[in-house]
There are 2 protein chains.
Amino acid sequence: MAQKRPDKATIADVAKLAGVSTATAGRVLGDYGYSSAEIRDKVRSSAEQLGYRPNLLARSLITGRTKTIGVVTGDIQSPFYASIVRGISDVARTQGFGVIVTNSDERLDREVEAVQLLLEKQVDGLIVSPFDLHGSDHLHAAVDSGCPVVQIDRIVKGLTADSVTVDNRGASRDCVAFILASGHRRIGMIAELVRSQFDSVEEFADAIRRSAVDTRFLFPSWQRLYGYIEAHMNAEIELDLDLVPPVRAYSAEAGKKETMNLMRRHEPPTALFTADGLMSAAAMDAITSLGMQVPSDLSLACFDDLDWMRFSKPGITAIAQPLTELGEAAANFILDRINGETGEAKHVALRPTLTVRGSVIRPVPA
Amino acid sequence: MAQKRPDKATIADVAKLAGVSTATAGRVLGDYGYSSAEIRDKVRSSAEQLGYRPNLLARSLITGRTKTIGVVTGDIQSPFYASIVRGISDVARTQGFGVIVTNSDERLDREVEAVQLLLEKQVDGLIVSPFDLHGSDHLHAAVDSGCPVVQIDRIVKGLTADSVTVDNRGASRDCVAFILASGHRRIGMIAELVRSQFDSVEEFADAIRRSAVDTRFLFPSWQRLYGYIEAHMNAEIELDLDLVPPVRAYSAEAGKKETMNLMRRHEPPTALFTADGLMSAAAMDAITSLGMQVPSDLSLACFDDLDWMRFSKPGITAIAQPLTELGEAAANFILDRINGETGEAKHVALRPTLTVRGSVIRPVPA
DNA sequence: CAGCTGTGTGCGAACGTTCTCACATCGTGT
DNA sequence: ACACGATGTGAGAACGTTCGCACACAGCTG
């Protein structure tokens, strides 16, 4: 029978029962320093008898390492972050690390609050999906204080921290090029497009033409728009930015509304490119609401490969991001730094994969 | 300019700079005990100047509370657990608690390992989706050691711990009753149906007829099957358990295969009820692979309301589980216990909601 | 046999907080 | 004048580990 409170057993209790000093018991149980086989057995059996469980808090206080990594996601409920966290925790588990997750809801105040909590809890490293790409004093402070930081999905300008991102621009460019190659000339794009120094899509395109845009410090939806524009430029097809109504919010309702407005124009696009999972669902909702059929009425390709795109009536051509891999890579980066690796910040951009299904066909001649 | 390592500032440093004792500085910064306004200002400004950040580890070591709750999910990547964790962390955040998440992958060894890690990290409470409903020594030990435990989604027999579950049997019964009321007499069901003391669906049905089944300690997919059977019994319609081929695995491939086999029979069902999100996707995949149309060839209703069921060609009639609410409830339960609430274990079963869309119609007379 | 080096053990000081005291100072009622 | 509670402060002991050090003893080497 276990006693009522086995976890009250401390290393001193074990030592007393085994008839050794706490230092010796500590060496056996903590697996450091010298100890004879005889004493090892005695201590271990005493520990077992008392139901001893080490108190990692005390250990961490003295070693200065908690074997915990903190993660700031936008929203753990989204499949995007859920998959990333899965990848992170898989790697963490194999190394005996715990993972504390928080949500920023893409709000700076929440992110700051979360980082502060994690830092006070003395996490060994921080994996953050940063919100403010041109400031983020809290992240600079974290780095300066010696806490390893890995950025995911986006990169803060001037922050000397590793990053794992996705080649949004390239994947988007290739996908739009594929749609163009199918003969489409009027491709609509539904994208979030908030949080940027650019006030309008036109201004953004102008800056690209002037080569005045640094892709790295853009939010993903802007990077994907960059790919869209780039594909048009490469194919020397005139841009019609009226086909890219910025949704200006990350909500399905807003996405649906913009899609419906776009498709109701007197000269609607013949194909649609959606910039992420939420916008894809929103657009699909709009399309079926309008009684339109993919691909006969409208070709469709999506960034983010969701379940339903596989078994949809025609499968939906989609770009899949390697999300658990992204999480794994981020975890490995942070673990390397925790283990003392120094040197230049490492930056990796993972390649998404385009899966061609039946949702993009040659446009019907009007 | 912040110095290189601001987080090295300790309460003693602040105290020295402010010209007071560490005890006094502690009282000001920790916000406990007496302190004069004058000293408060002095200490606070010294703290600010040094960039002082409290070390929660040290605080926890002495107070015995970490303001952290541990969560053991089956798989954080699944929308099911992701939503629950979202609910948990929302509540936790408002109380200044952190959340450590782990994955059991529905494996006992992983769950035991995760619980051990969390306990050693001295979490104040544990929220677990238990795997072994008729054993779980590790959870009994946790409860006995005084660590509050809340069970989610399923309940371990004999474990005196609060629980938040979903009324799977009732929701399933009502949904199947709805399909029966539409005139269907041959309703197929695709369900995981692993992990149970019952070897076969027939044996399970027999036990139900003998009233020898305690719904509480079944896995959700069996509870949902219970509802399916109950609906038939209530409507006095003869059961044909050949229509419920147990998938015996939690994988989309297996679910698709069983669905295809079922639909290829010489007398296939006229309606299908799927027992969870993964099985719904699998079944949908099978249906479209077979070139069948919902609802003209087959009516369909699903447990778990996924995105695509809303904007699917006909909307899919589906049961939505209140997942974030479940997480919130679990978090509130655990916080109550952490705050010293004693007394009987509380058990709540949340009601899912059935959303009727267009995927169930009267069967065509053969 | 002195001087190593390798192995094993114990003492006590950390780590950065909170908490229990003891004590000092004040205003106030008797 | 005195006791008394309310308010404020500091010294030092916790919390449960790890770690530096001193020491003890073995088996070598020269």
Side-chain angles (χ1 to χ4, degrees), chain A residues 5-44 46-47 50-68 96 119-124 145-146, chain B residues 5-44 46-47 50-68 96 119-124 145-146:
Chain A
R5 308 228 145 197
D7 70 359
K8 296 232 73 173
T10 161
I11 230 175
D13 301 331
V14 175
K16 198 191 297 179
L17 180 63
V20 297
S21 72
T22 67
T24 303
R27 275 189 284 260
V28 173
L29 297 171
D31 214 39
Y32 55 92
Y34 291 113
S35 55
S36 63
E38 186 193 6
I39 287 230
R40 263 199 296 276
D41 287 350
K42 209 156 53 175
V43 170
R44 292 225 177 90
S46 303
L50 294 176
Y52 169 76
R53 294 255 163 268
N55 183 332
L56 298 189
L57 248 50
R59 175 178 299 171
S60 297
L61 184 58
I62 190 158
T63 60
R65 329 179 78 238
T66 51
K67 299 203 94 175
T68 305
L119 251 28
E120 291 183 354
K121 282 194 182 297
Q122 311 293 120
V123 295
D124 292 336
S145 80
Chain B
R5 308 227 143 198
D7 70 358
K8 296 231 70 172
T10 161
I11 230 175
D13 301 331
V14 175
K16 198 190 299 178
L17 181 62
V20 298
S21 71
T22 67
T24 303
R27 273 188 286 261
V28 173
L29 298 170
D31 215 39
Y32 54 91
Y34 291 114
S35 56
S36 64
E38 186 193 6
I39 288 231
R40 263 199 296 276
D41 287 350
K42 207 156 54 176
V43 170
R44 292 226 178 90
S46 304
L50 294 176
Y52 169 76
R53 293 255 163 268
N55 183 331
L56 297 190
L57 249 48
R59 175 178 300 172
S60 296
L61 185 57
I62 190 158
T63 60
R65 330 180 78 239
T66 51
K67 298 202 96 178
T68 304
L119 251 28
E120 291 183 355
K121 281 193 182 298
Q122 311 292 120
V123 295
D124 291 337
S145 80

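Worth saying up front: this structure is predicted, and the values here are computed from it rather than measured. Reminder, nothing fancy here: chain letters follow the sequence lines and each chain counts from 1.
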Q: For the residue pair Ala9(B) and Leu50(B), what are the closest heavy atoms and their distance?
A: CB-O, 3.7 Å
Q: Once you round to the nearest 0.5 Å, how far does CZ of Arg59(A) lie from CD of Glu120(B)?
A: 7.5 Å
Q: Quick check: closest heavy atoms across Arg44(B) and Val28(B), and the distance to 0.1 Å?
A: CG-CG1, 4.0 Å
Q: Any chance you could list the contact pattern along nucleotides 15-26 of chain C? Use B for base contacts, S for sugar-phosphate-only contacts and - for none, protein heavy atoms under 4.0 Å, 5' to 3'.
A: BBBBB-------
Q: Taking 4.0 Å as the cut-off, does a side-chain nitrogen or oxygen of Ser36(B) come that near to OP1 or OP2 on dT7(D)?
A: no
Q: What are the two closest non-hydrogen atoms of Ala47(A) and Leu29(A), and how far apart are they?
A: CB-CD2, 3.8 Å
Q: Based on the rotation axes of five pairs at each end, what angle does the helix from dC1(C)-dG30(D) to dT30(C)-dA1(D) bend through, to 10°?
A: 60°
Q: Hey, what do you get for CG (Leu57(A)) to CD1 (Ile62(B)), rounding to the nearest 0.5 Å?
A: 12.0 Å
Q: Side chains of Lys121(A) and Thr68(B): is there a donor and an acceptor less than 3.5 Å apart?
A: yes
Q: Can you check whether Ser21(A) has a side-chain N or O nearer than 4.0 Å to OP1 or OP2 of dT9(C)?
A: no
Q: Can you name the residues that form a side chain to side chain contact (heavy atoms under 4.5 Å, CB included) with Thr24(A), not counting sequence neighbours?
A: Val20(A), Ser21(A), Arg27(A), Ile39(A)
Q: Hey, does the side chain of Asp13(A) reach the backbone of Thr10(A) with a donor-acceptor pair shorter than 3.5 angstrom?
A: yes
Q: Within the pair Tyr34(A) and dT7(C), is there a side-chain N or O less than 4.0 Å away from OP1 or OP2?
A: yes
Q: At under 4.0 Å between heavy atoms, what does Ser60(B) touch on the DNA or RNA strands: base, sugar-phosphate, or nothing?
A: nothing
